[in-house]
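These notes are about the structure you will find just below.
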Amino acid sequence: MSAEKSFYLTTPIYYVNDAPHIGHAYTTVAGDVLTRWHRQRGESVWFLTGTDEHGEKVMNTAAANNASPQDWCDRLVEESWKPNWQALNIANDDFIRTTEPRHEERVQKFMTLLKDNGYIYAGKFEGPYCIGCEEFKLPGDLDEGKCKLHGKPVEMLSEDNWFFKLSAFVPQLLAHYKSKPEACEPASARNEVIAFLESGVRDLSISRSTFDWGIPVPWDTKQVIYVWFDALLNYATAVGLGDDPDSAGGKKFTETWPADVHLVGKDILRFHAVIWPAMLMAANVAVPKKVFAHGWLLVGGEKMSKSKLTGISPSEITDHFGVDAFRYYFLRAIPFGTDGSFSWEDMSARYTSELANDFGNLASRLIAMIEKYCEGVIPERADGDGLAPALKATVLAADKAMVALDFQGGITSIMEFCKRVNGYVTEREPWAIAKDAARTAELNEVLYNTADAIRALAVLLHPVMPATTQTLWESIGAESTLGKIGEQKISEVSNWGVLPAGCKVTKGAVLFPRLE
RNA sequence: GGCGGGAUAGCUCAGCUUGGUAGAGCAAACGGCUCAUAAUCGUUGUGUCGCCGGUUCAAAUCCGGCUUCCGCUACCA
């Protein structure tokens, strides 16, 4: 038997020409949180992200900057994209670029296979062409038959292209989505895909001859492969698509494919839910288990965009609130799959209320009391009082939600437990008990229970806020007794009494300082 | 135009399938407490439930019409 099948998650590969903004970060953080959660469930995990580097726009921008397309891409990847993900604490296992040989070679091999299988044929791409723009226009670019930019009538031109028999896969795709609702989520996205498939699908032109920044069609090197056809394949080429089963790449492919989740923004749903699985079907490769389309981040009620000056870079937010608050906020505030409004006011309100006042302050009051009443040492184990069963229920609910990509539900469950622990401390009033020397056992019980609950909270929130929970982990003395926080298992986190007595507590800087 | 989704407290939203005096969190006001990051605990107010009409003893909830916002209606990525 082969090795355990990994939980394989991908983000889209981002168009290298764009500057990373919070929309890109939203998708990637969601993927990071989900894969960290699965790792803590003890699963083998593979998390891929990367960049999409071919196409006319990149070629033109590079030229405008007096660089070759390859040099231009190298620069953007190294100076912009990779540092951006490092800054956000993204723990991807691989980063694929569509200009890498491993990708280009496997794409060409795949193309050849599809042609051999009879799904690629020569045809003519016909469409409205604007001489002024020197490009084919989309229906939305036209105003009564005239180019919106130039106001001139367009001409119908045709170009010899290679076509993919997309239409041949409509019945299979419909059967797939109708029999497997989980293959495309949320339901609204699935309904759109089904409606689209039922409305009639034409074959797809998958090569271009008007520019040359792309992967050459293996048997017709005057043409390059259409960027989307190239880009979608990254999910499979990155893990060894088409390699000999006994080779390293082939083994990797067996371990990872099919992908468990492709995370996408809803604007690129169709490419992932229609074209991509059809390509795989044409090659007799398994289709992904799930395509999940999340919503857009709205600013002032509108989709964020650079042209409207509403594009926000992650650093604008992390400079003020910190990386962990950034990661927490978007997943906590917005149901994954629907659009969500971002505002500085809402982010500030949640930061103060949920992170500083609820979570950070709970840690702060516990540590202060351990130092004051227990000489900085965790007292002997206690049975958890009502907190133990509450924690069990929390972990069950949180795990169920997170695995279903309901980040809001999962985080909410955890934060409700946090409130519950705060309430426990308030009810038991350890500061009052401490005044009576005869009640030391009771005092120790309350403080131990609080400390062990915080131990669980740190583990549960670690996928969402890796840095802050690491700090907390160390400050309750867990690192040196229980080991690394990232290796604590979700399945064991609700066991009670895990934090050993005698742990040395150290007071550090507050986790979430109050902001102006 | 067609199909789909939304319009409910100052803000973000739940409730609508299975009609019965309108809910949560945050924000606001007042009081308590002190272990804590002026933290926290308790109490309190707030709404012609987009508009018009219908069914009903009773409608945010069902039906019809309307206004308005948004998404999809194939090859920019």
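Everything numeric in this text was worked out from a predicted model, so none of it was measured. First the proteins, then the strands, lettered A, B, ... as listed; each starts at 1.
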Please report the distance separating the P of B:C30 from the corresponding atom of B:U55, rounded so that it comes out in whole Å. 50 Å
How would you label the contact of A:Lys372 with the nucleic acid (heavy atoms, under 4.0 Å): base, sugar-phosphate, or nothing? sugar-phosphate
Rounding to an integer number of angstrom, what distance separates B:A58 and B:U40 when you compare their P atoms? 47 Å
Can A:Arg332 be said to sit on top of A:Phe407's aromatic six-ring, NZ or CZ under 6.0 Å from centre and within 45° of the ring axis? no
Kindly point out which of B:C72, B:A77, B:U37 is positioned nearest to the side chain of A:Glu192? B:C72
For the C1' atoms, the ones on B:G47 and on B:C13, what distance do you get once it is rounded to whole angstrom? 15 Å
Under 6.0 Å between ring centres, would you say that holds for A:Phe164 and A:Tyr226? no
Could you state the CE-C1' distance from A:Met415 to B:G25, rounded to the nearest angstrom? 12 Å
Mind checking the C1' distance from B:C49 to B:C16? Whole angstroms is fine. 11 Å
Could you measure between the two P atoms, the one in B:G50 and the one in B:A9, and give it in whole Å? 8 Å
Give a yes/no answer on whether the side chain of A:Tyr226 brings an N or O atom under 4.0 Å of OP1 or OP2 in B:C76. no
For a quick check of understanding: with a heavy-atom distance under 4.0 Å over all strands, which category does A:Gly340 fall into, base, sugar-phosphate or nothing? nothing
Just checking A:Tyr14: base, sugar-phosphate only, or nothing, at a heavy-atom cut-off of under 4.0 Å? nothing
Annotated structure of RNA chain B as dot-bracket, pair cut-off 3.5 Å, Watson-Crick or G-U only, | for inter-strand, is ((((((((.[[[[.)....(..]]]].(((((.......))))).....[[[[[..)....]]]]])))))))....
What does A:Ala368 touch in the nucleic acid at a heavy-atom separation under 4.0 angstrom: a base, only the sugar-phosphate, or nothing? sugar-phosphate
Hey, does A:Asp52 reach any base, or is it just sugar-phosphate, or nothing, if we go heavy atoms under 4.0 Å? sugar-phosphate
Which is true for A:Ser364 with a 4.0 Å heavy-atom rule: it touches a base, it touches only sugar-phosphate, or it touches nothing? base
Suppose you measure atom C1' in B:U56 against the same atom in B:G64; what distance do you get, rounded to whole Å? 16 Å
Please list residues of residues 268-282 of chain A whose heavy atoms come under 4.0 Å from any atom in RNA chain B, ordered by number; otherwise none. A:Arg270, A:Phe271
Over how many whole Å does the gap from A:Lys266 atom NZ to B:G5 atom P extend? 14 Å
For a quick check of understanding: with a heavy-atom distance under 4.0 Å over all strands, which category does A:Tyr373 fall into, base, sugar-phosphate or nothing? sugar-phosphate
Answer with yes or no whether the side chains of A:Asn60 and A:Trp213 bring together a donor and an acceptor at under 3.5 Å. no
Starting at atom CH2 of A:Trp431, determine the distance to atom P of B:C35, rounded to an integer number of angstrom. 8 Å
Rounded off to whole Å, could you give me the NZ-to-C1' distance for the A:Lys435 and B:U34 pair? 8 Å
Inter-nucleotide C1' distance (B:G2, B:A60), Å rounded: 29 Å
Interatomic distance at P, B:U68 relative to B:G25, whole Å: 36 Å
Take the protein atom CD of A:Glu429 and the nucleotide atom P of B:G42, then report the distance between them rounded to whole Å. 13 Å
Contact class for A:Lys419 (heavy atom, under 4.0 Å): base, sugar-phosphate, or nothing? sugar-phosphate
What contact category does A:Ser205 fall into here, base, sugar-phosphate, or nothing, at under 4.0 angstrom with non-hydrogen atoms? base
In whole angstroms, the gap separating C1' of B:A77 from NE2 of A:His21 amounts to 11 Å
Need one value for A:Gly55: base, sugar-phosphate or nothing, where a base atom within 4.0 Å counts as base even if backbone is also close, heavy atoms only. nothing
Can you check whether A:Asn357 has a side-chain N or O nearer than 4.0 Å to OP1 or OP2 of B:U40? yes
